[in-house]
2 protein chains.
Amino acid sequence: MNPPPAKPTRRDALGNRERILTVARVALSGSGSASLTAIAKQAGVGIGTLYRHFPTREALVMELYRHDIQGLIDRVPVLLGENPPLTALRLWFEEVAHYGRLKFGVAEVIHAAANGGLDDEYYGPFVAAIARLLEAGADDGTLKPGLDPEDVLLQLGVLWRIEPARGGAARAARILTLIVDGLRTRQS
Amino acid sequence: MNPPPAKPTRRDALGNRERILTVARVALSGSGSASLTAIAKQAGVGIGTLYRHFPTREALVMELYRHDIQGLIDRVPVLLGENPPLTALRLWFEEVAHYGRLKFGVAEVIHAAANGGLDDEYYGPFVAAIARLLEAGADDGTLKPGLDPEDVLLQLGVLWRIEPARGGAARAARILTLIVDGLRTRQS
DNA sequence: AGGCATAGCGGAGGGCCCTCCGTTTCATTC
DNA sequence: GAATGAAACGGAGGGCCCTCCGCTATGCCT
């Protein structure tokens, strides 16, 4: 799509970057745990090279899932167009939870971002999407006014971390309800 | 107090255990991050010995804070005796959040426990304490009936993970309100 | 085409985690 | 006071993470 950072000019650099991403996509698709060392070796680059392209594990994961995350973000206006705000919020949360459970690796990332300061490049739009939902709900009186989207993101982080197996799905659904109810105004 | 596991009979074993705990208490009192290797060395014991006494980092941390955690659990009946259930719940959550922020290390532990299966020895009583609060609130109609205490514990986990610096305290307070509101029944 | 500055490479190195197993030390028994 | 079996020790080893820096290949410029 768009050359991510600024100008990765050199050919070899671009090639390496692509190869790393290809390998990583496969290696991380499972549980999300695979050694960076192994990925580098598989991609035929030194570990140093991998780290230069992606300074942290999160950066790599984020790059892999940038598309999917953007997809989630893009769902917000759609859902808001088709549903009242409260419903849209709930539906979106469900999509987020579901996505998160599939791509387990993203959990850690979002979480790290929410607390410390990860790059706003990925984090900002996500927060903005939440903000949009919260504002719509505040406007029609179903959600409390003045909610902080980052607070909500942190709460969502819990959903990411529930393993879907062994009744985790049900648990996620319950917690999602608790979260939404916490955001609602007292009178429906 | 009570010899924790079963019968650590041998003298040297007991001595080592104590020395490890003493060193660990100091080493981990700060940010909670110190290498186990270093702790072992300081305690004058091999790394293997440390691991035999405390199979995971969590086990060590838990043992260190067992007293404080018990203290938190003991607060539940006291708070319930002095306040209506909803207030008691809120007050207790505040104590929990405050404690967690101080002893940052416990966060990871509780969290690990909540999802996978850590020893019920520590985890169980904590959940039971929450259950007691939830039941009291359900009985007087201020909290939803049938809430799962483990769900609530997971949500509380978020509080643990907020760094108190840089407005984190305010954020924790806000999120705490969201959580409690999610647990309440719709009519006050 | 040939030179040259430099972006980019890659792996050694230091630190940590955790396991495994040969060796030591204790407590008990004779 | 040995002898002895088992509990406990301890550190080497394998794996991972991440940094640092001397070396290489690339792309521009002449």
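Residue numbers begin at 1 in each chain, while the letters A, B, ... track the order of the sequences.
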- Item | Partner residues of R174(A) under the salt bridge (charged side-chain N to carboxylate O under 4.0 Å, His left out) criterion, sequence neighbours left out | D148(B), D151(B)

- Query: Tell me: CD1 of I39(B) to C1' of dC17(C), nearest whole Å?
  - Reply: 13 Å

Taking only nitrogen or oxygen atoms into account, show me every contact under 3.5 Å that the protein makes with nucleotides 26-30 of chain C, one pair per line with its distance.
{"from": "dA27(C)", "atom 1": "OP1", "to": "R11(B)", "atom 2": "N", "distance (Å)": "3.1"}

- In Å and rounded to the nearest 0.5 Å, what is the CG to CD distance from L178(A) to Q155(A)? 9.5 Å

Protein-nucleotides 11-16 of chain C N/O pairs under 3.5 Å:
{"from": "dG11(C)", "atom 1": "N7", "to": "G48(A)", "atom 2": "N", "distance (Å)": "3.4"}
{"from": "dG11(C)", "atom 1": "O6", "to": "G48(A)", "atom 2": "N", "distance (Å)": "3.3"}

- Are R184(A) and D181(B) within salt-bridge range, i.e. N to O under 4.0 Å? no

- Message: For the backbone of R186(B) and the side chain of R186(A), can you confirm whether one donor and one acceptor N or O come within less than 3.5 Å of each other?
- Response: yes

- Task: Whole angstrom is fine here: how far is it from CZ in R19(B) over to C1' in dC9(D)?
- Result: 11 Å

- Rounded interatomic separation in angstrom, taking CG from L60(B) and P from dC18(C): 11 Å

- Message: Which residues pass the side-chain hydrogen bond (donor to acceptor under 3.5 Å, both in side chains) test with D74(B), not counting sequence neighbours?
- Response: Q70(B)

- Message: Suppose we screen for salt bridge (charged side-chain N to carboxylate O under 4.0 Å, His left out). Which residues come up paired with D12(B), at least two apart in sequence or across chains?
- Response: R10(B)

Pairs under 3.5 angstrom only: tabulate donor-acceptor contacts from the side chains of residues 35-55 of chain B to other protein residues two or more places apart or in another chain.
{"from": "S35(B)", "atom 1": "OG", "to": "A38(B)", "atom 2": "N", "distance (Å)": "2.8"}

- Residues forming a salt bridge (charged side-chain N to carboxylate O under 4.0 Å, His left out) with R132(B), sequence neighbours excluded: none

- Would you indicate, yes or no, if dA8(D) has its OP1 or OP2 atom less than 4.0 angstrom from a side-chain nitrogen or oxygen of H53(B)? no

- Query: Residues two or more places apart in sequence or in another chain: which of them pass side-chain hydrogen bond (donor to acceptor under 3.5 Å, both in side chains) with T177(A)?
  - Reply: R90(A)

- Do L64(B) and L28(B) have side chains that get closer than 4.5 Å, going by heavy atoms? yes

- Task: Quickly work out the L50(B) CG to dC20(C) C1' distance and round it to whole Å.
- Result: 16 Å

- Query: Could you give the CD-to-P distance, from E18(B) to dC9(D), as a whole number of Å?
  - Reply: 13 Å

Between side-chain atoms of residues 133-141 of chain B and protein atoms elsewhere (two or more places apart, or another chain), which donor-acceptor pairs fall under 3.5 Å?
{"from": "D140(B)", "atom 1": "OD1", "to": "T142(B)", "atom 2": "N", "distance (Å)": "3.1"}
{"from": "D140(B)", "atom 1": "OD1", "to": "T142(B)", "atom 2": "OG1", "distance (Å)": "2.7"}

For nucleotides 28-30 of chain D, give me every protein contact, N/O to N/O, under 3.5 Å, one pair per line with atom names.
none

- Within the structure, does a side-chain N or O atom of N16(B) lie under 4.0 Å from either OP1 or OP2 of dC9(D)? yes

- Grab the CZ-P distance between F54(A) and dC18(D) for me, whole Å please. 15 Å

